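Keep in mind that what you see is a predicted model, and the values were worked out from it rather than measured.
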Amino acid sequence: MRLGIATLIIAYVLSQFYRAFLAVMTPALKADLGATPEDLARASGAWFLVFALMQIPVGWGLDNIGPRKVAAGLLALGGAGGAALFAVASTPDHILYAMVLIGIGCSPVLMASYFIFARMYSPAVFGTLAGMVIGFGSLGNIAGALPMALAVEQFGWRACLWALAAVTLVVAALIMVTVDNPPKVTAEDGAKKGSVLDLLKMPALWAIFPIMFVNYTAAAGLRGSWAGPYLRDVYGLDTTGIGWATMAIALAMVIGSFAYGPLDRIFKTRKWVIFPGNLIAVALVFLLWAAPDAGVWRVSLTMAAIGLFAASFPLIMAHGRSFYPPHLVGRGVTLMNMFGIGGVGIFQYASASVFKSAQGPDVSVTAPYQAVFLFFAVPGLIGCLLYLFSQDRTD
(Lines give C-alpha, C1' and ligand atoms only; values in the text may rest on other atoms or scores of the structure.)
Protein backbone atom coordinates (compact mmCIF):
# COMPACT_ATOMS: atom_id res chain seq x y z
CA MET A 1 0.00 0.00 0.00
CA ARG A 2 2.91 2.36 0.67
CA LEU A 3 3.98 2.13 -2.98
CA GLY A 4 0.41 2.84 -4.04
CA ILE A 5 0.24 5.92 -1.78
CA ALA A 6 3.55 7.11 -3.23
CA THR A 7 2.11 6.76 -6.73
CA LEU A 8 -1.01 8.70 -5.75
CA ILE A 9 1.22 11.44 -4.35
CA ILE A 10 3.03 11.62 -7.69
CA ALA A 11 -0.36 11.95 -9.35
CA TYR A 12 -1.20 14.75 -6.94
CA VAL A 13 2.05 16.47 -7.90
CA LEU A 14 0.64 16.56 -11.43
CA SER A 15 -2.70 17.84 -10.15
CA GLN A 16 -1.01 20.70 -8.30
CA PHE A 17 1.06 21.47 -11.37
CA TYR A 18 -1.93 21.61 -13.70
CA ARG A 19 -3.88 23.95 -11.45
CA ALA A 20 -1.01 26.45 -11.26
CA PHE A 21 1.03 26.38 -14.48
CA LEU A 22 -1.04 28.88 -16.49
CA ALA A 23 0.33 31.91 -14.63
CA VAL A 24 3.89 31.55 -15.91
CA MET A 25 2.74 30.92 -19.49
CA THR A 26 0.85 34.23 -19.62
CA PRO A 27 3.34 35.98 -21.97
CA ALA A 28 3.73 32.98 -24.30
CA LEU A 29 0.02 32.26 -24.60
CA LYS A 30 -0.74 35.92 -25.22
CA ALA A 31 1.90 36.09 -27.97
CA ASP A 32 0.89 32.83 -29.69
CA LEU A 33 -2.88 32.63 -29.14
CA GLY A 34 -3.87 36.14 -28.06
CA ALA A 35 -4.97 34.83 -24.65
CA THR A 36 -5.87 37.63 -22.24
CA PRO A 37 -5.71 37.51 -18.41
CA GLU A 38 -9.50 37.08 -18.43
CA ASP A 39 -9.20 34.08 -20.79
CA LEU A 40 -6.67 32.39 -18.53
CA ALA A 41 -8.66 33.18 -15.38
CA ARG A 42 -11.74 31.56 -16.94
CA ALA A 43 -9.72 28.53 -18.04
CA SER A 44 -8.26 28.16 -14.55
CA GLY A 45 -11.70 28.66 -13.03
CA ALA A 46 -13.16 26.01 -15.33
CA TRP A 47 -10.52 23.55 -14.09
CA PHE A 48 -11.58 24.10 -10.49
CA LEU A 49 -15.31 24.10 -11.25
CA VAL A 50 -15.34 20.82 -13.14
CA PHE A 51 -12.97 19.36 -10.53
CA ALA A 52 -15.50 20.31 -7.85
CA LEU A 53 -18.50 18.97 -9.76
CA MET A 54 -16.70 15.66 -10.22
CA GLN A 55 -16.41 15.15 -6.47
CA ILE A 56 -19.92 13.71 -6.10
CA PRO A 57 -19.44 10.93 -8.71
CA VAL A 58 -15.86 10.43 -7.51
CA GLY A 59 -17.12 9.97 -3.93
CA TRP A 60 -19.62 7.36 -5.09
CA GLY A 61 -16.89 5.67 -7.11
CA LEU A 62 -14.48 5.52 -4.16
CA ASP A 63 -17.12 3.92 -1.92
CA ASN A 64 -18.40 1.48 -4.55
CA ILE A 65 -15.60 0.84 -7.08
CA GLY A 66 -12.46 1.71 -5.16
CA PRO A 67 -9.65 4.24 -5.59
CA ARG A 68 -7.50 2.21 -7.97
CA LYS A 69 -9.75 2.12 -11.05
CA VAL A 70 -11.36 5.51 -10.40
CA ALA A 71 -8.05 7.37 -10.10
CA ALA A 72 -6.23 5.52 -12.89
CA GLY A 73 -9.08 5.71 -15.41
CA LEU A 74 -9.92 9.37 -14.99
CA LEU A 75 -6.28 10.48 -14.91
CA ALA A 76 -5.50 8.63 -18.13
CA LEU A 77 -8.53 9.83 -20.09
CA GLY A 78 -8.94 13.32 -18.71
CA GLY A 79 -5.45 14.26 -17.57
CA ALA A 80 -3.40 12.92 -20.46
CA GLY A 81 -6.15 13.66 -22.99
CA GLY A 82 -6.53 17.24 -21.78
CA ALA A 83 -2.77 17.88 -21.90
CA ALA A 84 -2.70 16.59 -25.48
CA LEU A 85 -5.59 18.88 -26.44
CA PHE A 86 -3.77 21.82 -24.84
CA ALA A 87 -0.65 21.00 -26.87
CA VAL A 88 -2.55 21.47 -30.15
CA ALA A 89 -4.59 24.51 -29.03
CA SER A 90 -5.00 27.27 -31.60
CA THR A 91 -7.43 29.58 -29.73
CA PRO A 92 -8.04 30.57 -26.09
CA ASP A 93 -11.24 28.49 -26.19
CA HIS A 94 -9.17 25.37 -26.81
CA ILE A 95 -7.24 26.11 -23.60
CA LEU A 96 -10.56 26.30 -21.75
CA TYR A 97 -11.69 22.92 -23.10
CA ALA A 98 -8.32 21.36 -22.31
CA MET A 99 -8.42 22.61 -18.73
CA VAL A 100 -11.91 21.15 -18.31
CA LEU A 101 -10.60 17.72 -19.35
CA ILE A 102 -7.55 18.02 -17.12
CA GLY A 103 -9.79 18.99 -14.19
CA ILE A 104 -11.82 15.82 -14.71
CA GLY A 105 -8.63 13.77 -14.84
CA CYS A 106 -7.18 15.24 -11.66
CA SER A 107 -10.41 15.14 -9.66
CA PRO A 108 -9.94 11.76 -7.90
CA VAL A 109 -6.22 11.63 -7.07
CA LEU A 110 -6.09 13.49 -3.74
CA MET A 111 -9.37 12.04 -2.52
CA ALA A 112 -8.19 8.53 -3.38
CA SER A 113 -5.33 8.86 -0.88
CA TYR A 114 -7.59 10.55 1.69
CA PHE A 115 -10.10 7.72 1.28
CA ILE A 116 -7.39 5.16 2.00
CA PHE A 117 -6.20 7.12 5.06
CA ALA A 118 -9.74 7.46 6.40
CA ARG A 119 -10.41 3.74 6.02
CA MET A 120 -7.09 2.41 7.31
CA TYR A 121 -5.79 4.92 9.89
CA SER A 122 -7.03 6.57 13.08
CA PRO A 123 -8.93 9.88 12.67
CA ALA A 124 -6.43 11.43 15.10
CA VAL A 125 -3.61 11.21 12.53
CA PHE A 126 -5.73 12.08 9.48
CA GLY A 127 -4.68 15.74 9.54
CA THR A 128 -0.98 14.86 9.64
CA LEU A 129 -1.27 12.36 6.78
CA ALA A 130 -3.44 14.74 4.75
CA GLY A 131 -0.92 17.53 5.24
CA MET A 132 1.91 15.22 4.20
CA VAL A 133 0.22 14.41 0.90
CA ILE A 134 -0.48 18.06 0.13
CA GLY A 135 3.03 19.05 1.22
CA PHE A 136 4.76 16.56 -1.07
CA GLY A 137 2.16 17.05 -3.79
CA SER A 138 2.75 20.77 -3.74
CA LEU A 139 6.10 20.13 -5.37
CA GLY A 140 3.96 20.27 -8.50
CA ASN A 141 3.01 23.80 -7.53
CA ILE A 142 6.73 24.63 -7.44
CA ALA A 143 7.38 22.85 -10.74
CA GLY A 144 4.62 24.93 -12.30
CA ALA A 145 6.50 28.12 -11.39
CA LEU A 146 10.15 28.81 -12.30
CA PRO A 147 10.95 25.33 -13.72
CA MET A 148 7.97 25.53 -16.06
CA ALA A 149 8.88 29.09 -17.04
CA LEU A 150 12.42 27.98 -17.94
CA ALA A 151 11.13 24.93 -19.83
CA VAL A 152 8.71 27.06 -21.85
CA GLU A 153 11.50 29.45 -22.79
CA GLN A 154 13.83 26.59 -23.73
CA PHE A 155 11.51 24.13 -25.51
CA GLY A 156 8.26 26.02 -26.15
CA TRP A 157 4.94 25.51 -24.43
CA ARG A 158 3.60 22.98 -26.93
CA ALA A 159 6.53 20.59 -26.45
CA CYS A 160 6.12 20.92 -22.67
CA LEU A 161 2.43 19.96 -22.91
CA TRP A 162 3.17 16.91 -25.05
CA ALA A 163 5.72 15.78 -22.45
CA LEU A 164 3.18 16.32 -19.68
CA ALA A 165 0.61 14.22 -21.55
CA ALA A 166 3.06 11.33 -21.74
CA VAL A 167 4.06 11.60 -18.06
CA THR A 168 0.41 11.72 -16.99
CA LEU A 169 -0.38 8.56 -18.94
CA VAL A 170 2.54 6.72 -17.32
CA VAL A 171 1.47 7.78 -13.82
CA ALA A 172 -2.09 6.58 -14.50
CA ALA A 173 -0.70 3.18 -15.50
CA LEU A 174 1.40 3.04 -12.31
CA ILE A 175 -1.70 3.74 -10.19
CA MET A 176 -3.45 0.81 -11.83
CA VAL A 177 -0.52 -1.46 -10.99
CA THR A 178 0.44 -0.31 -7.48
CA VAL A 179 -2.70 0.89 -5.64
CA ASP A 180 -4.68 -1.62 -3.58
CA ASN A 181 -8.27 -0.88 -2.63
CA PRO A 182 -8.89 -0.88 1.15
CA PRO A 183 -11.40 -3.44 2.47
CA LYS A 184 -14.99 -2.41 1.87
CA VAL A 185 -17.27 -1.59 4.80
CA THR A 186 -20.06 -4.13 4.63
CA ALA A 187 -23.40 -4.59 6.34
CA GLU A 188 -21.75 -7.15 8.62
CA ASP A 189 -19.45 -4.35 9.84
CA GLY A 190 -22.48 -2.41 11.06
CA ALA A 191 -22.64 -0.03 8.13
CA LYS A 192 -25.88 1.54 7.02
CA LYS A 193 -26.99 2.52 3.58
CA GLY A 194 -26.71 6.21 2.96
CA SER A 195 -25.88 8.99 0.58
CA VAL A 196 -24.40 12.45 0.48
CA LEU A 197 -27.80 13.74 1.61
CA ASP A 198 -27.17 12.14 5.01
CA LEU A 199 -24.01 14.20 5.30
CA LEU A 200 -25.82 17.39 4.31
CA LYS A 201 -28.24 16.82 7.19
CA MET A 202 -25.41 17.11 9.72
CA PRO A 203 -25.39 20.63 11.32
CA ALA A 204 -21.74 20.25 12.39
CA LEU A 205 -20.59 20.17 8.76
CA TRP A 206 -22.56 23.28 7.77
CA ALA A 207 -20.46 25.33 10.18
CA ILE A 208 -17.29 24.10 8.42
CA PHE A 209 -18.44 24.44 4.79
CA PRO A 210 -18.11 28.27 4.64
CA ILE A 211 -14.43 28.39 5.57
CA MET A 212 -13.71 25.45 3.30
CA PHE A 213 -15.45 27.34 0.49
CA VAL A 214 -13.21 30.43 0.82
CA ASN A 215 -10.02 29.05 2.40
CA TYR A 216 -8.12 28.34 -0.83
CA THR A 217 -9.63 31.00 -3.10
CA ALA A 218 -7.10 33.83 -2.71
CA ALA A 219 -3.97 31.65 -2.61
CA ALA A 220 -5.06 29.56 -5.59
CA GLY A 221 -6.29 32.61 -7.47
CA LEU A 222 -3.01 34.46 -7.04
CA ARG A 223 -0.81 31.45 -7.70
CA GLY A 224 -2.79 30.03 -10.60
CA SER A 225 -3.99 33.12 -12.49
CA TRP A 226 -3.48 36.64 -11.20
CA ALA A 227 0.10 36.81 -9.93
CA GLY A 228 1.45 36.51 -13.48
CA PRO A 229 -0.56 39.28 -15.17
CA TYR A 230 -0.32 41.50 -12.06
CA LEU A 231 3.47 41.30 -11.86
CA ARG A 232 3.78 41.75 -15.62
CA ASP A 233 1.45 44.75 -15.93
CA VAL A 234 2.31 46.61 -12.72
CA TYR A 235 6.02 45.77 -12.35
CA GLY A 236 7.06 44.74 -15.86
CA LEU A 237 8.31 41.26 -14.90
CA ASP A 238 9.06 38.78 -17.69
CA THR A 239 8.38 35.03 -17.68
CA THR A 240 11.45 34.25 -15.55
CA GLY A 241 10.67 36.99 -13.03
CA ILE A 242 7.11 35.77 -12.72
CA GLY A 243 8.46 32.26 -12.27
CA TRP A 244 10.61 33.31 -9.31
CA ALA A 245 7.72 35.14 -7.62
CA THR A 246 5.21 32.34 -8.11
CA MET A 247 7.76 29.79 -6.91
CA ALA A 248 7.98 31.73 -3.64
CA ILE A 249 4.19 31.42 -3.28
CA ALA A 250 4.40 27.71 -4.06
CA LEU A 251 7.19 27.10 -1.53
CA ALA A 252 5.21 28.94 1.14
CA MET A 253 2.19 26.73 0.43
CA VAL A 254 4.34 23.60 0.79
CA ILE A 255 5.72 24.79 4.14
CA GLY A 256 2.24 25.72 5.31
CA SER A 257 0.79 22.32 4.41
CA PHE A 258 3.46 20.47 6.40
CA ALA A 259 3.19 22.93 9.30
CA TYR A 260 -0.59 22.82 9.65
CA GLY A 261 -0.84 19.01 9.50
CA PRO A 262 0.25 18.08 13.06
CA LEU A 263 -0.85 21.28 14.82
CA ASP A 264 -4.20 19.85 15.92
CA ARG A 265 -2.38 17.18 17.94
CA ILE A 266 0.12 19.67 19.34
CA PHE A 267 -2.46 22.23 20.48
CA LYS A 268 -5.32 19.74 21.06
CA THR A 269 -7.64 21.81 18.86
CA ARG A 270 -8.45 22.17 15.19
CA LYS A 271 -10.76 25.15 15.29
CA TRP A 272 -8.33 27.47 17.08
CA VAL A 273 -5.52 26.63 14.68
CA ILE A 274 -7.61 27.03 11.55
CA PHE A 275 -9.34 30.28 12.55
CA PRO A 276 -6.33 32.50 13.34
CA GLY A 277 -4.34 31.18 10.39
CA ASN A 278 -7.09 32.01 7.95
CA LEU A 279 -7.74 35.37 9.55
CA ILE A 280 -4.08 36.34 9.04
CA ALA A 281 -4.27 35.22 5.39
CA VAL A 282 -7.37 37.36 4.83
CA ALA A 283 -5.68 40.37 6.47
CA LEU A 284 -2.77 39.97 4.03
CA VAL A 285 -5.15 39.94 1.04
CA PHE A 286 -6.62 43.20 2.32
CA LEU A 287 -3.06 44.54 2.58
CA LEU A 288 -2.43 43.60 -1.05
CA TRP A 289 -5.62 45.45 -2.01
CA ALA A 290 -4.64 48.54 0.00
CA ALA A 291 -1.05 48.75 -1.29
CA PRO A 292 -0.75 47.05 -4.70
CA ASP A 293 2.15 49.30 -5.73
CA ALA A 294 4.23 48.89 -2.57
CA GLY A 295 7.13 47.41 -4.56
CA VAL A 296 7.79 44.10 -6.25
CA TRP A 297 9.58 42.57 -3.24
CA ARG A 298 6.88 43.57 -0.75
CA VAL A 299 3.96 42.38 -2.84
CA SER A 300 5.76 39.14 -3.72
CA LEU A 301 6.43 38.43 -0.05
CA THR A 302 2.83 39.33 0.80
CA MET A 303 1.53 36.84 -1.76
CA ALA A 304 3.89 34.18 -0.41
CA ALA A 305 2.65 34.84 3.13
CA ILE A 306 -0.95 34.45 1.92
CA GLY A 307 0.02 31.04 0.55
CA LEU A 308 1.64 30.11 3.87
CA PHE A 309 -1.22 31.05 6.21
CA ALA A 310 -3.99 29.84 3.87
CA ALA A 311 -2.54 26.32 3.67
CA SER A 312 -4.94 24.92 6.30
CA PHE A 313 -6.87 22.82 3.76
CA PRO A 314 -5.73 19.46 5.23
CA LEU A 315 -6.67 20.51 8.75
CA ILE A 316 -10.12 21.69 7.64
CA MET A 317 -10.53 18.32 5.89
CA ALA A 318 -9.56 16.59 9.15
CA HIS A 319 -12.10 18.69 11.06
CA GLY A 320 -14.85 17.56 8.69
CA ARG A 321 -13.57 13.96 8.65
CA SER A 322 -14.09 13.68 12.41
CA PHE A 323 -17.89 13.80 11.86
CA TYR A 324 -18.26 11.26 8.98
CA PRO A 325 -19.79 7.81 9.61
CA PRO A 326 -17.51 4.98 8.35
CA HIS A 327 -19.72 3.94 5.42
CA LEU A 328 -19.79 7.50 4.03
CA VAL A 329 -16.09 8.34 4.28
CA GLY A 330 -15.59 8.44 0.51
CA ARG A 331 -18.53 10.73 -0.07
CA GLY A 332 -17.61 12.75 3.01
CA VAL A 333 -14.08 13.67 1.94
CA THR A 334 -15.20 14.39 -1.61
CA LEU A 335 -18.14 16.52 -0.45
CA MET A 336 -15.81 18.67 1.65
CA ASN A 337 -13.36 18.84 -1.25
CA MET A 338 -16.21 19.91 -3.55
CA PHE A 339 -16.83 22.95 -1.36
CA GLY A 340 -13.13 23.80 -1.24
CA ILE A 341 -12.32 23.40 -4.91
CA GLY A 342 -15.74 24.66 -5.98
CA GLY A 343 -15.12 27.90 -4.14
CA VAL A 344 -11.86 28.37 -6.00
CA GLY A 345 -13.53 27.65 -9.33
CA ILE A 346 -16.41 30.06 -8.78
CA PHE A 347 -14.14 32.86 -7.59
CA GLN A 348 -11.57 32.25 -10.32
CA TYR A 349 -14.18 32.28 -13.05
CA ALA A 350 -16.00 35.31 -11.65
CA SER A 351 -12.77 37.21 -11.03
CA ALA A 352 -12.33 37.57 -14.80
CA SER A 353 -15.54 39.62 -14.95
CA VAL A 354 -14.51 41.62 -11.88
CA PHE A 355 -11.20 42.45 -13.54
CA LYS A 356 -12.84 43.45 -16.81
CA SER A 357 -15.50 45.62 -15.15
CA ALA A 358 -12.81 47.56 -13.25
CA GLN A 359 -10.93 48.50 -16.43
CA GLY A 360 -11.34 51.85 -18.10
CA PRO A 361 -9.43 54.67 -19.82
CA ASP A 362 -9.25 56.78 -16.67
CA VAL A 363 -8.27 54.13 -14.11
CA SER A 364 -4.79 53.21 -12.94
CA VAL A 365 -3.09 50.00 -14.01
CA THR A 366 -3.48 48.67 -10.44
CA ALA A 367 -7.24 49.33 -10.14
CA PRO A 368 -8.49 46.14 -11.87
CA TYR A 369 -6.16 44.03 -9.75
CA GLN A 370 -7.28 45.80 -6.58
CA ALA A 371 -10.85 44.92 -7.50
CA VAL A 372 -9.84 41.25 -7.79
CA PHE A 373 -7.97 41.30 -4.47
CA LEU A 374 -10.97 42.82 -2.69
CA PHE A 375 -13.22 40.26 -4.37
CA PHE A 376 -11.12 37.53 -2.70
CA ALA A 377 -10.72 39.28 0.66
CA VAL A 378 -14.30 40.11 1.71
CA PRO A 379 -15.76 36.59 1.33
CA GLY A 380 -12.65 35.24 3.07
CA LEU A 381 -13.41 37.38 6.10
CA ILE A 382 -17.06 36.28 6.10
CA GLY A 383 -16.01 32.62 5.96
CA CYS A 384 -13.71 33.10 8.95
CA LEU A 385 -16.45 34.72 11.01
CA LEU A 386 -18.98 31.97 10.20
CA TYR A 387 -16.43 29.34 11.21
CA LEU A 388 -16.62 30.68 14.77
CA PHE A 389 -19.94 28.79 15.07
CA SER A 390 -18.26 25.42 14.36
CA GLN A 391 -17.89 22.65 16.93
CA ASP A 392 -14.27 21.90 17.80
CA ARG A 393 -13.29 18.25 17.60
CA THR A 394 -9.89 16.57 17.70
CA ASP A 395 -10.66 12.83 17.84
Side-chain angles (χ1 to χ4, degrees), residues 12-31 35-41 43-45 47-48 86 95 99 102 106 134-154 157 160-161 164 216-257 281 284-285 287-288 292 294-311 313 344 347-348 351-352 355 366 369 372-373 376:
Y12 187 59
V13 170
L14 285 171
S15 177
Q16 284 278 354
F17 178 92
Y18 281 130
R19 74 183 62 182
F21 76 137
L22 282 179
V24 299
M25 294 200 297
T26 298
L29 294 176
K30 181 178 181 180
T36 65
E38 300 97 297
D39 291 326
L40 298 184
S44 178
W47 187 99
F48 284 102
F86 200 131
I95 296 176
M99 292 300 286
I102 295 171
C106 293
I134 290 184
F136 283 118
S138 293
L139 294 173
N141 200 336
I142 297 171
L146 182 62
M148 183 61 178
L150 296 175
V152 168
E153 289 188 339
Q154 182 69 29
W157 63 271
C160 291
L161 265 298
L164 285 167
Y216 192 40
T217 54
L222 291 169
R223 174 63 191 89
S225 294
W226 292 109
Y230 168 53
L231 294 171
R232 180 198 64 197
D233 293 346
V234 177
Y235 295 101
L237 267 61
D238 59 10
T239 299
T240 303
I242 293 169
W244 278 108
T246 53
M247 188 169 72
I249 305 172
L251 282 169
M253 294 169 76
V254 172
I255 295 169
S257 296
L284 290 167
V285 181
L287 178 62
L288 201 59
V296 65
W297 280 102
R298 288 184 180 180
V299 300
S300 296
L301 289 173
T302 300
M303 289 191 290
I306 292 168
L308 174 70
F309 286 100
F313 179 90
V344 175
F347 278 89
Q348 282 281 77
S351 66
F355 180 85
T366 61
Y369 294 104
V372 171
F373 301 152
F376 288 139

*Do Phe21 and Phe86 make the cut of ring centroids closer than 6.0 angstrom?*
yes
*For Thr302 and Arg298, does a side-chain donor sit closer than 3.5 Å to a side-chain acceptor?*
no
*side chain to side chain donor-acceptor pair (under 3.5 Å) against Gln16, all qualifying residues, sequence neighbours excluded*: Tyr12
*Would you name the heavy atoms of Ser44 and Leu22 that are closest together and state the gap between them?*
N-CD1, 3.9 Å
_For the student: nearest non-hydrogen atoms of Leu231 and Ser300, plus distance_ = CD2-OG, 4.3 Å
*Just jot down the side chain to side chain donor-acceptor pair (under 3.5 Å) partners of Asp233, sequence neighbours excluded, or say none.*
Tyr369
*Which atom of Thr366 lies closest to which atom of Pro292, heavy atoms considered*: CB-CG, 3.9 Å
_Test of understanding: with side chain to side chain contact (heavy atoms under 4.5 Å, CB included), list the residues that count as partners of Ala28, not counting sequence neighbours._
Val152, Trp157
*Mind telling me whether Phe376 and Phe347 have parallel, tilted or perpendicular rings, with 30° and 60° as the class edges?*
tilted
Per-pair distances, 0.1 Å, donor-acceptor, side chain in residues 236-245, under 3.5 Å, sequence neighbours excluded:
residue: Asp238; atom: OD1; partner: Thr240; partner atom: N; Å: 3.3
residue: Asp238; atom: OD1; partner: Gly241; partner atom: N; Å: 2.8
residue: Thr240; atom: OG1; partner: Glu153; partner atom: OE1; Å: 3.3
residue: Thr240; atom: OG1; partner: Glu153; partner atom: OE2; Å: 3.4

*Decide yes or no for Gln348 and Trp47: does some side-chain heavy atom of the first lie under 4.5 Å from some side-chain heavy atom of the second?*
no
_Test of understanding: with side chain to side chain contact (heavy atoms under 4.5 Å, CB included), list the residues that count as partners of Ser257, not counting sequence neighbours._
Ile134, Ser138, Ala311
*asked:* Looking at Tyr235, I want to see if its OH is surrounded by more than 12 non-hydrogen atoms of other residues, nucleotides or ligands under 6.0 Å.
replied: yes
*With sequence neighbours excluded, tell me which residues meet side chain to side chain donor-acceptor pair (under 3.5 Å) with Ser351.*
Trp226
